[in-house]
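Below is one structure, written out as structure tokens; the observations come after it.
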Amino acid sequence: MRDLELTPRLRRLADWVPPGARLADIGTDHGYLPVWLRLHGRVASAIACDLREGPLARARETGRAWGADGIDYRLGNGLAVVFPDEADAVVIAGMGGENIAAILARAPWTAGGKHTLLLQPQTRAEVLRAFLAENGYAIRREALVEDRGVLYPVMEAGGGKMSLTLGQLHGGAALLHDPLGERYIIQKIIRLQTAVAGINRSGKGLEKADRLREIITALLSMREEWRRANGS
Ligand SMILES: C[S@@+](CC[C@H](N)C(=O)[O-])C[C@H]1O[C@@H](n2cnc3c(N)ncnc32)[C@H](O)[C@@H]1O
């Protein structure tokens with residue numbers, strides 16, 4: 001039988017799920033991650049959750065088509081449908097950083113230190129990093145994954161303490177030795193420079209432009225740090 005193939009982004013998340021964990025996949029959509037993990041015997045059980053019926057039905061169909069057992073499909077908002085003692089590992093992937101932060105904020109037990117959190121923001125990763133730093137979480141590791149030309153940050157977090165510099169908020173908490181780190185930082189700088197140029201052209205939001213310039217400066221020194229760390 002053909003193997004269910006994960007994209008590089010989902011494969012990295014799968015590889016970071018602790019072996020034998022009881023998984024909760026929040027915003028599962030097609031359900032590929034829990035189905036793949038069950039098919040490969042990597043997790044003891046999985047709860048696949050989604051806010052909407054359509055995606056949850058897709059997940060059920062993936063599980064049925066591949067004959068994956070041990071998956072409980074639940075309709076609901078974020079972690080509202082998961083009890084803390086039902087899962088050891090929580091994946092929240094493929095959504096905006098603000099949405100991931102809001103889901104964690106509504107489930108403060110995720111900062112209790114008993115759960116491994118695997119988080120993969122599609123946008124606004126800096127909002128998620130700031131939320132984690134300010135709300136009793138620590139990022140244990142972070143990596144960049146390239147998938148169809150796009151760089152995605154993947155984070156493993158848990159309850160703990162951490163403080164991040166402005167550069168780390170925007171350029172990654174722990175990407176100093178990541179081979180894709182410099183590219184990620186440069187992409188951020190270019191995006192911010194474009195935003196500053198837009199503000200300058202319109203003449204509106206000049207204070208915001210000052211803040212963006214501070215971030216650019218922090219990212220430029222982070223780039224230097226990355227280059228030193230990687231001997232380039
Ligand atoms: C783009 S898909 C990501 C699917 C998969 N996690 C991945 O990374 O490939 C985002 C999914 O998250 C779901 N979602 C968004 N907000 C949610 C929430 N608050 N609670 C549960 N699911 C949510 C959406 O319905 C959608 O199916």
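Order of listing sets the numbers, starting from 1, for every ligand and every atom in it.
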Q) Judged by non-hydrogen atoms, does C49 sit under 4.0 Å from ligand 1? A) no
Q.
Testing the basics here: between N200 and A209, what is the closest heavy-atom pair and its distance to 0.1 Å?
A. OD1-CB, 4.5 Å
**Q.** Identity and distance of the protein heavy atom lying nearest atom 19 (N) of ligand 1
**A.** N77 OD1, 2.8 Å
Q: Tell me which one of G96, A93, G78, G54 gets a heavy atom nearest to atom 20 (N) of ligand 1.
A: G78
Q | Nearest-option assignment for atom 5 (C) of ligand 1, heavy atoms, candidates A80, G27, G94 | A | G27
Q | Closest protein heavy atom (residue, atom, distance) for atom 16 (N) of ligand 1 | A | N99 ND2, 3.1 Å
Q.
Within ligand 1, which atoms have a heavy atom of L10 less than 4.0 Å away?
A. 7 (C), 8 (O), 9 (O)
Q. Which is closest to atom 26 (C) of ligand 1 in terms of heavy atoms, T7, D50, L75?
A. D50
Q) Looking only at heavy atoms of G76, does any of them come nearer than 4.0 Å to an atom of ligand 1? A) yes
Q: Please tell me if the side chains of Y137 and L104 come closer than 4.5 Å, counting only heavy atoms from C-beta onward.
A: yes
Q) What is the nearest protein non-hydrogen atom to atom 2 (S) of ligand 1, stated with its residue, atom name and distance? A) D29 OD2, 3.6 Å
Q: Show the numbers, then the answer: is there a side chain to side chain contact (heavy atoms under 4.5 Å, CB included) between V90 and L79?
A: CA-CA 9 Å; V90 174; L79 283 152; 4.0 Å; yes
Q: Evaluate the side-chain proximity of W36 to W66: yes if any heavy-atom separation is below 4.5 Å, no if none is.
A: no
Q) What about R52: any of its N or O atoms under 3.5 Å from an N or O on ligand 1? A) yes
Q | Protein contact of atom 23 (C) of ligand 1 - nearest heavy atom, named by residue and atom, plus distance | A | L51 CB, 3.6 Å
Q | Close approach of R9 to ligand 1, heavy atoms, under 4.0 angstrom | A | yes
Q: Provide, to 0.1 Å, the distance between atom 14 (N) of ligand 1 and the closest protein heavy atom, together with that atom's residue and name.
A: M95 CE, 3.9 Å
Q: List the atom of E156, the atom of W16, and the distance in Å for their closest heavy-atom pair.
A: N-CZ3, 3.8 Å
Q. With atoms numbered from 1 as shown, which atoms in ligand 1 lie under 4.0 angstrom from a non-hydrogen atom of I103?
A. 18 (C), 19 (N)
Q: Before accepting this row, confirm whether a basic side-chain N of the pair E126/R124 lies closer than 4.0 Å to the acidic partner's carboxylate O.
A: yes
(Q) Taking Y32's backbone N and O only, do any of them form a donor-acceptor pair with H30's side chain (distance below 3.5 Å, no angle check)? (A) yes
